[in-house]
Structure formats: structure tokens, C-alpha cells
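Proteins come first, then strands; the chains are lettered A, B, ... in the order of their sequence lines, and each starts at number 1.
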There are 2 protein chains.
Amino acid sequence: MNDERPAIPDTDPLTWGTPEGRHMLRLLWDPPTPAGRGPKQKLTLDQVIDAGMAVAAADGVDKLSMRNVAAHLGVGAMSLYTYVPGRDELFELMVDRAWAGRKMPDRSAPWREQVEFHARQAWAMYQTHPWLIRSNLWRMPLGPHVMDAQEDLYRAVTLTGLPNHEVVQVAGLVESHVFGVARSVITDTSVSSNTGITADDYWDSRSSFWGTYYSPERFPTMTAIWESGAFEQSVGDKVEFGLARLLDGVELLIEKLASS
Amino acid sequence: MNDERPAIPDTDPLTWGTPEGRHMLRLLWDPPTPAGRGPKQKLTLDQVIDAGMAVAAADGVDKLSMRNVAAHLGVGAMSLYTYVPGRDELFELMVDRAWAGRKMPDRSAPWREQVEFHARQAWAMYQTHPWLIRSNLWRMPLGPHVMDAQEDLYRAVTLTGLPNHEVVQVAGLVESHVFGVARSVITDTSVSSNTGITADDYWDSRSSFWGTYYSPERFPTMTAIWESGAFEQSVGDKVEFGLARLLDGVELLIEKLASS
DNA sequence: AGCAACTCAGTACGACGTACGGAAAAGAGA
DNA sequence: TCTCTTTTCCGTACGTCGTACTGAGTTGCT
């Protein structure tokens, strides 16, 4: 519990093992251990992470630069490096922090309700932190909050009685579905892209597209769907529909398993 | 058919309407129209796109810079801007080109086979061009090949007889599922991240994680799954399993619709 | 008091996208 | 053929980025 900080066995303290490795894990799992010898820190790790999330929320993830975060905190850019090994690592910490907001389902509920609860929590998370959809592209951080949520999702899916390898599949399917919907929704509505293309510009290009290049003969199905208005639907529906189809399929699998 | 090129009605030729708009659409949908008045071009648009794909394939999408692509072609960096409005636009052209490789299913097959065919084509596409998983983050280009594939997928799903808005959902579900699997697989296996972190380094950090921070008491389900070896499974299985569950759910929906 | 450890931050380097402008090449009209 | 206009190619340069290096100042331990 009260272990001394400086001792990292068998690693050169200069390079801290692989900085992306042990150092990062310590930041994710250990308390930040406020200070050792030198002057008091002006900030805390949490403040840095908060500032990063604030910048990402306000100006978009493309503006998440060390200089911007530092300016938001009123410190020099290089000072951040005493809290965080680098930009990517700061982002990983932000991701784990975002996952911290996910609530866990009631364990006494049937498995399907629990899994649906997880899916809706994931959906809420992507809505609260849209910059997250840029994250899973990089690797998933091995942070405690990410793993807690994942563990509980696996636990819920295990209630189905399916064999382990199918539990993994189903859990991945659920997360992936929510992520997919979030991705399509957010890239449609938000400004999109790092160049300053406003949503208006994008719509202009779309409309000139319909008049100039789109031909109903080439795209008959899309045309029919468009004219029926079926392309516009609430995003909540998108999540729920896919989830329902998916879990229907899982239930079918359970039945098949039970009757064999 | 043989319209003259220079006339872009009611737009200032200096800004070309919104360059991200009309100009981009022309590049995607029109032949590049080799030349007008000045000196012959050293390259073709196709060569530029090919070079971009070569760089992305060889060094990863993070190394896809104008300077790198230009160097790969033996020209100056700024020369590329006579072929392509900018980096993001080059990327969009690359995306549409990747979609061009997708084959269409046999229209006489049952709907489920046709949809499965589309899913497997998408999967093959992500394997051939792993840099694509970085793309859908930005917006989906309104390119002809993207739209052809999408149109045909919609057509196939329409064969289910489901109402239009559910056709849209199902099609999105299929694409999103394949993308999700591709994302998780590729970020696991490939080098990941723009900093030069090798897969070895990543594994080092993982192994030091298991020893230091992971506790089986906190993550009992994951531990059980891990020990059963169920975390390792072929990626092909991942695609097929989710697809089967998903389409089972869709079939159930069709039956419900038919019996009402 | 002296030393060692640590924080903060200025400067600088190499990469990036791309605006600008100039030199050279090619067709069009005289 | 001589010009004029258009277009290509590309060197230079600006602003941004991540971050290595360095050093000055601050704190606690001995």
C-alpha cells in the first residue's frame, strides 16, 4: 500500500523501462504520488487530464495539442511533460477517464437487460465525449476503468451460458455495434475533418452532387429509400434496432445450444 | 458527353466554388481531363493515388504525407497540388479507389448469401488496405465506387422484404460489424500509433501489466476466459460469428413481419 | 550548509500542410 | 513566327505540431 515511489526494479530510471509501458501503466493504475524531492507541483495529473478533455470537448480532438492544453492551464507547454509522457499518453488517460463514467447494470436482472444496459452506457459515453470515436483507432488503453467495464460486460454475457469463445464474440459485437452507430452519427453531424470545413460547406457539396452526378438509374434502390424518407431516423433507433437484432440472434444461439 | 471543361457555372474560378465541394466531386466522378494549355503533366491522377496507396501500405497511414508521396514519385511536394486539392482529398480518392475492388454478389442468390458476400468483400477490403480503418473516421467520400457498393448492398437487403427504414439499419449493421472486427484485429496486430512503438514494446508493457497490476480477483471473468484460451480465435471466425448472429436476428424479424 | 532530486519553461529541431510566387513550357491568335 | 495566355512544376516560407535539450530555480535529506 505505502510502497516507496522511486524504486522501479531492474529498470534504468532515465528511460523508465519502456516509457510507453511501465510508466504509462503506473499513471493509469497508481495514485499520482504527489511529490518527492523538488518543488511542489503547480498542477495535478487530474487537472491535466481534465484540461485535455476540456480542449477536446470545446475545439475538437484535432486541436488537442500540448500547447493548447498547456495554455488552457496557464503553464508552459513543456511543463506538461512532468505529468504525462507525451500527447498519445495523455489521450489514453483521457480515454480511461471517459470510461470511468460508465455505470454498471443491476446484476439481478436477466442477461439481456444487463447487456442492453451496457450498450446504452457505451452510447451515452460516445455522446458525452464525441472525441472518443477517434480513439479506438489507436489501441485500447489497459486502464482500470476500461477493464472494469469490459469485465462486467463479459460477466453479463457469461450469464447466457454460452461457451467462452462465444462470450468474447458477443461482447465484442455489442461494443462494436454501438461504436459503429456513434461513428456514423458523429461524423455526419459534427464539423468533421481537421481542415476548417463547416457542415454547411459539406452540404453544399452534397447538393451540387445530387444535381450534377447522381443518377437515379444508377442508384435505384438508394433513390427509392431516399424518397421514402427512410434515411432520416433518430439515432437512438439506430442503436436499439441493431442491438435488438443482434441479441435476438444470440438468443437463437442459446436455444440451439439448449436443445442439443 | 463531350461538354467543354473550363465552364463551371456561377463560381469564381479562383476558389472553384468550395474546393472541397465541386472540385472534389469532379475528381471522383469525371475523367481527369489530361491537359488544356500549359506544359504536359509528368504524372496522372491515377499515379498520384497509386503512390498514396503505396506509401500507406508500406509505411502506414501516419507516413502518408504530401512530401512522402511526392518523393515516392520523384517530384516536388508542391507539384501534387496540381493533381489534388490537398492531403485529405487525396485520402478520399484513395478510399474510393479501395472500394473499387469490391466485387458484387450473384443477384440470383438468396438475400442472405448476397449480404454475406458483401460482408466478406468488405472484410477482404480491410485486409488488403488496412489504412482504411483510419478513414471512416473522417467522412465517407461520395465517390462512385463507394456508392456502387452501397447501392448494391441496399438492393440485396431489400430482397428481405423489410420496410425501407429497416433496410437502412441492416445494411449499416453489416458494414459496421465488419469494420469493427477489422479495427480490433488490425490495431492489435499492426504496429499501431504514430510514435515508433513496435509490437514488441507493446507486448512488453502488456506482460509487465499482468505481473504488476492485473488481479484475478478484480477480473474473474476475464481470467476464466483467458485461461480457457477463448481470447485467441481466428479473425475469420470473428467476422462469420457476428454476421451469423446478426442475420439470424434479421431472419427472425422477417418471420415476425410475415406472420402479422 | 551542501547536495541531490525535482519542477518549470525557453529555445530549438525536424516534421507537417500548404500559401505564394516565379520560371519554364505549351497551345492559340496575330 | 512572335506574342499572349494558360498551366505545370517546385523552391521558399509560414504557422503548426511533438518533443529533446538545457538550465534556472525550488525543495527536502543528510
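Residues that satisfy the ring pair (Phe, Tyr, Trp, His ring centres under 6.0 Å) test with A:F231, not counting sequence neighbours, are B:Y154.
Residue contacts for A:S79: at a heavy-atom cut-off of 4.0 Å it reaches a base atom on one of the strands shown. Counting non-hydrogen atoms under 4.0 angstrom, B:L64 reaches the backbone sugars and phosphates but no base.
Taking only side-chain nitrogens and oxygens, B:T82 never comes nearer than 4.0 Å to OP1 or OP2 of D:dT8. Between D:dC9 and B:Y81, no contact under 4.0 Å exists linking OP1 or OP2 to a side-chain N or O. Close to D:dC17, at under 4.0 Å from its OP1 or OP2, lies a side-chain N or O of A:N68.
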Letter per nucleotide, 5' to 3', of nucleotides 22-30 of chain D [B base touched, S only sugar-phosphate touched, - untouched; heavy atoms, 4.0 Å]: ---BBBBS-
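Among A:M94, A:E92, A:R87, the one residue that satisfies the side chain to side chain contact (heavy atoms under 4.5 Å, CB included) test with A:L90 is A:M94.
Rounded to a whole Å, the CG atom of B:D88 is 12 Å from the C1' atom of C:dC16. Rounded to whole Å, atom P of D:dC9 lies 7 Å from atom CG of B:L43. Remark: P of D:dA13 and CZ of B:R67 are 13 Å apart, rounded to the nearest angstrom. Distance B:L80 CG to D:dG11 C1': 14 Å, rounded to the nearest Å.
Where A:M78 and B:Y83 meet DNA chain D, the nucleotide closest to each residue was compared, and B:Y83 sits on the side nearer the 5' end.
In this structure, of C:dG17, D:dT19, D:dC10, it is D:dT19 that holds the atom nearest to the side chain of A:M66. Picking from D:dC17, C:dT18, D:dT19 the nucleotide with the shortest atom distance to the side chain of B:R87 gives C:dT18. Closest to the B:K42 side chain, of the nucleotides D:dG18, D:dC10, C:dT18, is D:dC10.
Summarising the geometry of B:M147 relative to A:M222, their closest heavy-atom pair is CE-SD, 3.8 Å, with the distance given to 0.1 Å. Nearest approach of B:V69 to B:V48, heavy atoms of both residues: CG1-O, 4.2 Å. Minimum interatomic distance between B:A149 and B:W99 (heavy atoms only, all atoms of both residues): CB-CE3, 3.6 Å.
DNA chain C lies under 4.0 Å from at least one heavy atom of each of the following residues of residues 70-77 of chain A: A:V75, A:G76.
Considering only heavy atoms from C-beta on, A:S184 comes within 4.5 Å of A:K238 through its side chain. Between A:L28 and A:H145 the shortest side-chain heavy-atom distance does not fall below 4.5 Å. A:D46 has its side chain within reach of A:R97: a pair of non-hydrogen atoms, C-beta onward, lies under 4.5 Å apart.
Salt-bridge formation is not detected for the pair B:D148/B:R102: no Lys NZ or Arg NE/NH1/NH2 atom is positioned less than 4.0 Å from an Asp or Glu carboxylate oxygen.
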